[in-house]
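These notes concern the structure reproduced below.
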Number of protein chains: 2
Amino acid sequence: MTATAPRTPTKAQLLELVAALGTAQWQDFAAAASRHGLTSVQAKLLAQLKGPVPMRKLATLLVCDASNVTGIVDRLEARGLVRREPDPADRRVKNVVATDEGHETIRRVRAEMQATHSALDALDEEERTTLYGLLERLRPGMEHRG
Amino acid sequence: MTATAPRTPTKAQLLELVAALGTAQWQDFAAAASRHGLTSVQAKLLAQLKGPVPMRKLATLLVCDASNVTGIVDRLEARGLVRREPDPADRRVKNVVATDEGHETIRRVRAEMQATHSALDALDEEERTTLYGLLERLRPGMEHRG
DNA sequence: CATTGATGCTTGAGATCGTCAAGCAACTCG
DNA sequence: CGAGTTGCTTGACGATCTCAAGCATCAATG
């Protein structure tokens, strides 16, 4: 133990740091979205639309009530960023699809997350690989509470 | 160099993973807060109160308008979790202080973040140290946009 | 001391977010 | 067909958030 032996952080410290970074990234996202006239929630919904997604599925992904999704999609649709399309297999279902403008907008929001990008740029390839591996190990425990 | 060489993730993949974990942790926090009748924002404000904090400072910490803090503190105060105290040095300022019940409540919320805790438990000491070090390197870039 | 300007907090208006209860349409199964 | 379930919307209501306006206090200046 000479040069490279940082003390082991307590779980509380680690938790606090993870929380701080999560918050910082969310603020970064919210600010980028805001520059395009979107709220964080609207941008988050838009970010789910790689393809057609039923309203119900969106409620699950955003962890909120289905009735809430109705309003958010209403506003996005009014601005021409998404469309509601009938589902050919089930007439109850409405699939939400991002328009070209919608895709372009969320692409820009992601690109403009400067704080996050520059933070990640501080790591070299090996560090990113290590970080990715560790975060992947955290994921299972985090998401089975959906 | 033989067994341990996972492919380097793209920056986009890493970004997505960080976002997913941040969201998961936030949901975990919100759920724990909700069990104590608190909204996420109320709990987040409560979490800042290690000591007396002026309203203005809270607005800065929560990255929102000061008028917003007024309402949040109003509701916390109505439930006996915080108090407003006059600042002896500046009569314009009101310092917000957590009551004993307030401290106890936020302590429990933190303790009940099961998904987050069990996720961190999946790492051994060395991994936690490594993760902490990497996340600390990310921090500077993330927060100088406050 | 009086004036001017800045700062801290609150209030009110208005939009969004979020839940719950209720309702309608459509699907499923017996 | 009939009963129960599911998907979506609506309406009511509270919480969050911003902006503009207002009041009290502080700080600086003449």
Side-chain angles (χ1 to χ4, degrees), chain A residues 23 26-27 29-49 52-79 81-97 146, chain B residues 23 26-49 52-79 81-97:
Chain A
T23 299
W26 179 254
Q27 300 292 351
F29 181 69
S34 171
R35 266 172 248 135
H36 293 271
L38 294 176
T39 66
S40 336
V41 179
Q42 287 167 358
K44 188 157 182 58
L45 191 151
L46 205 46
Q48 313 295 323
L49 303 181
V53 182
M55 300 288 289
R56 187 68 194 79
K57 176 85 175 182
L58 282 174
T60 301
L61 290 171
L62 301 184
V63 195
C64 73
D65 196 273
S67 65
N68 195 14
V69 177
T70 298
I72 300 171
V73 170
D74 279 351
R75 280 160 225 131
L76 285 172
E77 195 170 27
R79 295 189 35 190
L81 301 179
V82 307
R83 264 194 323 271
R84 279 167 162 91
E85 294 183 345
D87 187 301
D90 186 339
R91 280 183 301 170
R92 291 171 300 181
V93 173
K94 290 176 186 169
N95 289 308
V96 183
V97 188
Chain B
T23 300
W26 179 253
Q27 302 291 350
D28 196 23
F29 180 69
S34 171
R35 266 172 249 134
H36 293 272
L38 294 176
T39 65
S40 337
V41 178
Q42 288 167 358
K44 187 157 182 57
L45 191 152
L46 204 46
Q48 312 295 322
L49 303 181
V53 182
M55 300 288 289
R56 187 68 195 77
K57 177 85 174 183
L58 283 173
T60 302
L61 289 171
L62 301 183
V63 195
C64 72
D65 195 274
S67 65
N68 194 16
V69 176
T70 297
I72 300 171
V73 170
D74 280 351
R75 281 161 222 128
L76 286 173
E77 195 170 28
R79 295 190 35 192
L81 301 179
V82 307
R83 264 194 322 272
R84 277 186 239 253
E85 294 184 343
D87 187 300
D90 187 337
R91 279 184 301 170
R92 292 171 301 180
V93 173
K94 289 176 187 169
N95 288 309
V96 184
V97 187

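Heavy-atom basis, side chains included; hydrogens, waters and symmetry copies ignored. So you know, we letter chains A, B, ... as the sequences are listed, proteins then strands, and number each from 1.
A:Glu77 pairs by the side-chain contact (heavy atoms from CB on, under 4.5 Å) definition with A:Val82, A:Arg84, not counting sequence neighbours. Under the side-chain contact (heavy atoms from CB on, under 4.5 Å) criterion, B:Ala47 pairs with B:Ile106, B:Arg110, sequence neighbours left out. Under the side-chain hydrogen bond (donor to acceptor under 3.5 Å, both in side chains) criterion, B:Arg56 pairs with B:Thr60, not counting sequence neighbours. Partners of B:Asp90 according to the salt bridge (Lys or Arg N to Asp or Glu O under 4.0 Å) rule, which considers only residues two or more places apart in sequence or in another chain, are B:Arg92. With sequence neighbours excluded, the residues that form a side-chain contact (heavy atoms from CB on, under 4.5 Å) with B:Pro52 are B:Asn95, B:Val97. For A:Ser40, the side-chain contact (heavy atoms from CB on, under 4.5 Å) partners two or more places apart in sequence, or in a different chain, are A:Trp26, A:Ala30.
Rounding to whole angstrom units, CE of residue A:Met55 and C1' of C:dC24 are separated by 15 Å. Between the P atom of C:dG8 and the CD atom of B:Glu85 lies a distance of 19 Å, rounded to the nearest Å. Computed from coordinates, the B:Trp26 CH2 to C:dG18 C1' distance equals 14 Å when rounded to whole Å. Spacing between atom CG of B:Leu58 and atom C1' of C:dT7 amounts to 16 Å, rounded to whole angstrom units. Put simply, CG on A:Leu62 is 10 Å from P on C:dT19, counting in whole angstrom units. To the nearest angstrom, P of C:dA15 lies 18 Å from CG of A:Leu38.
Considering only side-chain N and O atoms, B:Arg56 lies nowhere under 4.0 angstrom from the phosphate OP1 or OP2 of D:dC26. Taking side-chain N and O atoms only, B:Lys94 has a distance below 4.0 Å to OP1 or OP2 of C:dT10.
Rounded to 10 degrees, the angle separating the terminal helix axes of the helix from C:dC1-D:dG30 to C:dG30-D:dC1, each built from five base pairs, is 20°.
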Using distance only, find each side-chain donor-acceptor pair of residues 63-70 of chain B under 3.5 Å and give its atom names and separation, not counting sequence neighbours.
from	atom 1	to	atom 2	distance (Å)
B:Asp65	OD1	B:Ser67	N	2.9
B:Asp65	OD1	B:Ser67	OG	2.7

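Summarising the geometry of B:Gln48 relative to B:Leu58, their closest heavy-atom pair is CB-CD2, 4.0 Å, with the distance given to 0.1 Å.
No donor-acceptor pair closer than 3.5 Å links the side chain of B:Ser34 to the backbone N or O of B:Gly37.
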- [ ] Indicate for each nucleotide in nucleotides 12-25 of chain D, in 5' to 3' sequence, whether protein heavy atoms under 4.0 Å reach the base (B), only the sugar-phosphate (S), or nothing (-).
- [x] ---SBBBB----BB
